[in-house]
There are 6 protein chains.
Amino acid sequence: MARYPTPELKDLPADIQAKILEVQAKAGFVPNVFLALARRPAEWRAFFAYHDALMQKEDSGLSKGDREMIVTTTSAANKCLYCVVAHGAILRIYEKKPLVADQVAVNYRKADISERQRAMLDFAMKVCLKSDELDDADFAALHAHGFSDEDAWDIAAITAFFGLSNRMASFSGMQPNPEFYLMGRVPKQK
Amino acid sequence: MARYPTPELKDLPADIQAKILEVQAKAGFVPNVFLALARRPAEWRAFFAYHDALMQKEDSGLSKGDREMIVTTTSAANKCLYCVVAHGAILRIYEKKPLVADQVAVNYRKADISERQRAMLDFAMKVCLKSDELDDADFAALHAHGFSDEDAWDIAAITAFFGLSNRMASFSGMQPNPEFYLMGRVPKQK
Amino acid sequence: MARYPTPELKDLPADIQAKILEVQAKAGFVPNVFLALARRPAEWRAFFAYHDALMQKEDSGLSKGDREMIVTTTSAANKCLYCVVAHGAILRIYEKKPLVADQVAVNYRKADISERQRAMLDFAMKVCLKSDELDDADFAALHAHGFSDEDAWDIAAITAFFGLSNRMASFSGMQPNPEFYLMGRVPKQK
Amino acid sequence: MARYPTPELKDLPADIQAKILEVQAKAGFVPNVFLALARRPAEWRAFFAYHDALMQKEDSGLSKGDREMIVTTTSAANKCLYCVVAHGAILRIYEKKPLVADQVAVNYRKADISERQRAMLDFAMKVCLKSDELDDADFAALHAHGFSDEDAWDIAAITAFFGLSNRMASFSGMQPNPEFYLMGRVPKQK
Amino acid sequence: MARYPTPELKDLPADIQAKILEVQAKAGFVPNVFLALARRPAEWRAFFAYHDALMQKEDSGLSKGDREMIVTTTSAANKCLYCVVAHGAILRIYEKKPLVADQVAVNYRKADISERQRAMLDFAMKVCLKSDELDDADFAALHAHGFSDEDAWDIAAITAFFGLSNRMASFSGMQPNPEFYLMGRVPKQK
Amino acid sequence: MARYPTPELKDLPADIQAKILEVQAKAGFVPNVFLALARRPAEWRAFFAYHDALMQKEDSGLSKGDREMIVTTTSAANKCLYCVVAHGAILRIYEKKPLVADQVAVNYRKADISERQRAMLDFAMKVCLKSDELDDADFAALHAHGFSDEDAWDIAAITAFFGLSNRMASFSGMQPNPEFYLMGRVPKQK
């Protein structure tokens, strides 16, 4: 389904190779997004620098599970197969809840999540779908659940960044690796 | 999450009890829809009679996998958690494709399905979302893939029936049984 | 306009014939839906069993006029010619208001109905158009007008069932009998 | 339901009185729009001058029935109760088809009208709902049914003018006179 | 881009010529709308009579700047190039704010305008996009900012009239005069 | 209007200061986006690395004017005040067409651009608004105007990146510098 040829790892610049090998070592496979975007090294570097600045940030009011929940939910609104499946997998693992990714992907209003997470997703969905209508009431609703303005920025930036990612994945026909579909659904084998 | 109390099996009319026990014997558990709707026996009987007339019909140009694919895809368009998860499970089993349910639920245009199934889903989605605009061109597109007018009726009726089911499940807060989430994703244990 | 051949009464199963003759005796003609769906007896039986369970239920907080008002209003939202015309006729008769069907079909917010009926239609329209977004506030709005949770179920189920009916009628090109257009608009002739 | 007080005929400027009396003599009653807008004489005069320029124009490729069909159909898309009911009545009379107004109001795609009228309504609906997307193909579709560019202007101008009328009627809570609901449905009494 | 031939000034009826020469004397050029619509004198007269009744009315709670702000904002919602550019120019001049037209055209929620103007535009946008849903709460929001019911009528009528104008301009491919793009952006040259 | 405090240039990391001073030297002022995002240096660096990779890329089939046209058009669809005004200014300068930015912002279908640019914007708008529905026909339409698959990637990536930028600007209340509104509209003063 991919519309663009995927480069071979060996043909990539050294810094990109190094990062990909690191991911492979950790995950056991190379998520397709790493190779699919690598045909354009400058964009690749900016993409993953942005990704890491948001998703691996240490001092955030959002847990890593919260962040993957935002990604899974808004990617479903954008109907992006790659991001729903790949980040849904990571969400299951971080939250240790094997059912939550399918729930937020289909209808986050029916998901088994906290009230605080529900408010976080309401804000994220407005950034995703109607960012021009965001107003004070939306921030107040976040504050009511203990989110700071910095947390609001995190929610918005993650949503905005994955809106970019969703469009690139759908446009280029990026397919999720088969491994993602099952990750976090069953106890790890010893 | 369910808004209405679920009746106990023992308090139900005998015919409903019998059918539920039969399903339980086959599936290993009682799918929540059977108990959730049973608080209104007359509606229950009509609902499952309609369901069986469409989904267990023998002489159809649609395989059972095709039919579950229609259900999963249109239920995702209606954002119905119960039906996407429950029928996605059955779809995986009938099609023997562990990935297909997640694919059609997120974006059927990116799913690994046949051209014929794609045409079937295009028609189903129009029945689901814009039935007032259906016209000759939509039927012609089905015929071009070998579907008969009887097949068109099957596609439309399945979509219409699950549109009813989706609304009842979302309205009443019906939750899918946890068992469904994993069914058909991993080889059966001996 | 009908896309599918209509069966002859004499060729239908006895139980279906009997019901149709009963309806004809009462109405003075056979509403097209009875013959149009009869080409598939199993679906016909489930359809009318469901219809009767909802529309002829005795112990409901909704009057028969209320129920036909839900059907007419939501069928107009789905742009279903058959159901707006046929059920608009029955609505006029039950409510004894010759203008009300046209009013709710065009814009129920401008119709000459009670506040309670307006709340009922707000709920029905949300089930019809955005069932995934239904939440506690929607039920609270119903309760504020004296509707019980059982009444909410009635509203939702009628809306969901006629959503099915609307899709089948539009899909198959079902036309309302000419008789319906005028019924309930003028005093009955002696 | 009207939000603004309706002036008394005797308090209106002479030219407006004269026109209203003329309409009353012809129709047998004063359609509410004539009095409702008369509280602002300058707007009233412009409104009816515009109306007459479009609807009483002699040299048009559109019959008077065609024009009322455009009004009824696009007013239904704008959910304007007054215009659907009042112009639906006039449509029935001009076309001598007692069923056509209800048909185009609910779903013009299912109405018993000519192919040429269907093309006319497709164009009108695009002017009504997506005028920014009109392009050469829309004009070509009209030409294919024998409409000239002047006819296209008539269709667009009627749609645009009644878009104004629809908004004023809905905004001000204008109600159709009860007489309109039945006009053209039954043979005139001698 | 214009789809219809523009008449020559000298060929127009005397009253239309006179009005156009008057506008030209004042503005320094003839705005295209005056010639584009003049090919149909009766419609032209009604159009400008309506326009002047609303836009040159003396006793309104809306300033001329307020009125042009409504036109610019709602014309942007209708994606009408002519009206956004032409009336944006007049808005800049009346409000003596060189930036405000671009702001309301892109997103009036982010524009540097008063709270009262914001409420005025909220109401106008609802008339423009969802007039069928207008209710008491919309009028109350206007009253809270000191607008009277007559002011509400002005807002609605201006929005409705320019909805007509937008559709005619987009339909006929009317282009704004180049002069409008720069008007009110830079101090007048002595 | 900005919701977040803007950092002082002197407090920023040296590399960010250097880049900002460079931009200031070239433009004569510091565009607000450079300071508004600088409160988060890691995100700032990724944002501008991405921006430059797309917008300053040398070997593209898209001219710099083409790229700014994509930004202005899709940012208008997202109702982002900052990006429409800032990039509209740059578009005017690159294209040497003082009117084109307002045209594409209001309705790109009516803009005075080439057929090739129109096809480019059709593709960009689909990436912006319905990326899940992109299919072979969309690529074929680009190819028909001489765009390569690499050009398609450029169009998609620019649209996707500014979709991110639009959401961040709207979310954070970023205002365009007043200088942008007039840039490229009048000949440069000597």
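Quick caveat, the model's predicted, so the values are computed rather than measured. Chain identifiers are assigned alphabetically (A, B, ...) following the order of the sequence lines, protein sequences preceding nucleic acid strands; residue numbering begins at 1 within each chain.
Identified by a heavy-atom distance below 4.5 Å to chain F, the contributing residues of residues 53-70 of chain A are A:Ala53, A:Leu54, A:Lys57, in residue-number order. The contact list for residues 125-134 of chain F toward chain A, using heavy atoms and a distance under 4.5 Å, reads F:Val127, F:Cys128, F:Ser131, F:Asp132, F:Leu134 by residue number.
Ranked by heavy-atom pairs shorter than 4.5 Å toward chain F, the options A:Arg45, A:Glu150, A:Arg40 are led by A:Arg40. Heavy-atom pairs under 4.5 Å with chain F were tallied for A:Gly163, A:Ala169, A:Ala156; the largest tally goes to A:Ala156. The residue among F:Ala46, F:Pro41, F:Ala42 with the most heavy atom pairs within less than 4.5 Å of chain A is F:Ala46.
For residues 86-100 of chain A, there are no salt bridge (charged side-chain N to carboxylate O under 4.0 Å, His left out) pairs, not counting sequence neighbours.
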For residues 21-37 of chain F, please give each side-chain donor-acceptor pair under 3.5 Å, one per line with the distance, not counting sequence neighbours.
| residue | atom | partner | partner atom | Å |
| --- | --- | --- | --- | --- |
| F:Asn32 | OD1 | F:Asn177 | ND2 | 3.3 |
| F:Asn32 | ND2 | F:Gln175 | O | 2.6 |
| F:Asn32 | ND2 | F:Asn177 | OD1 | 3.4 |

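Relative to the six-membered ring of A:Trp153, F:Arg39 meets both conditions, a distance below 6.0 Å and an angle of at most 45° to the axis.
Put simply, the side chain of F:Tyr50 never gets that close to the backbone of A:Ala49: no donor and acceptor are under 3.5 Å apart.
Atoms CG and OG, from A:Leu164 and F:Ser165 in turn, are 10.5 Å apart once rounded to the nearest 0.5 Å. The CZ atom of F:Arg167 lies 9.5 Å from the OG1 atom of A:Thr74; values are rounded to the nearest 0.5 Å.
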Step by step, would you call A:Phe47 with F:Phe161 a side chain to side chain contact (heavy atoms under 4.5 Å, CB included)?
-> CA-CA 10 Å; A:Phe47 182 92; F:Phe161 175 77; over 6 Å; no
Salt bridge (charged side-chain N to carboxylate O under 4.0 Å, His left out) between A:Arg3 and F:Asp136: does it pass, once the steps are laid out?
-> CA-CA 10 Å; A:Arg3 290 184 177 276; F:Asp136 292 345; 2.7 Å; yes
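The contact between A:Asp149 and chain F is made by backbone and side chain atoms together, counting heavy-atom distances below 4.5 Å.
Closest of all the heavy-atom pairs between A:Met168 and F:Ala157 is SD-CA, 3.6 Å.
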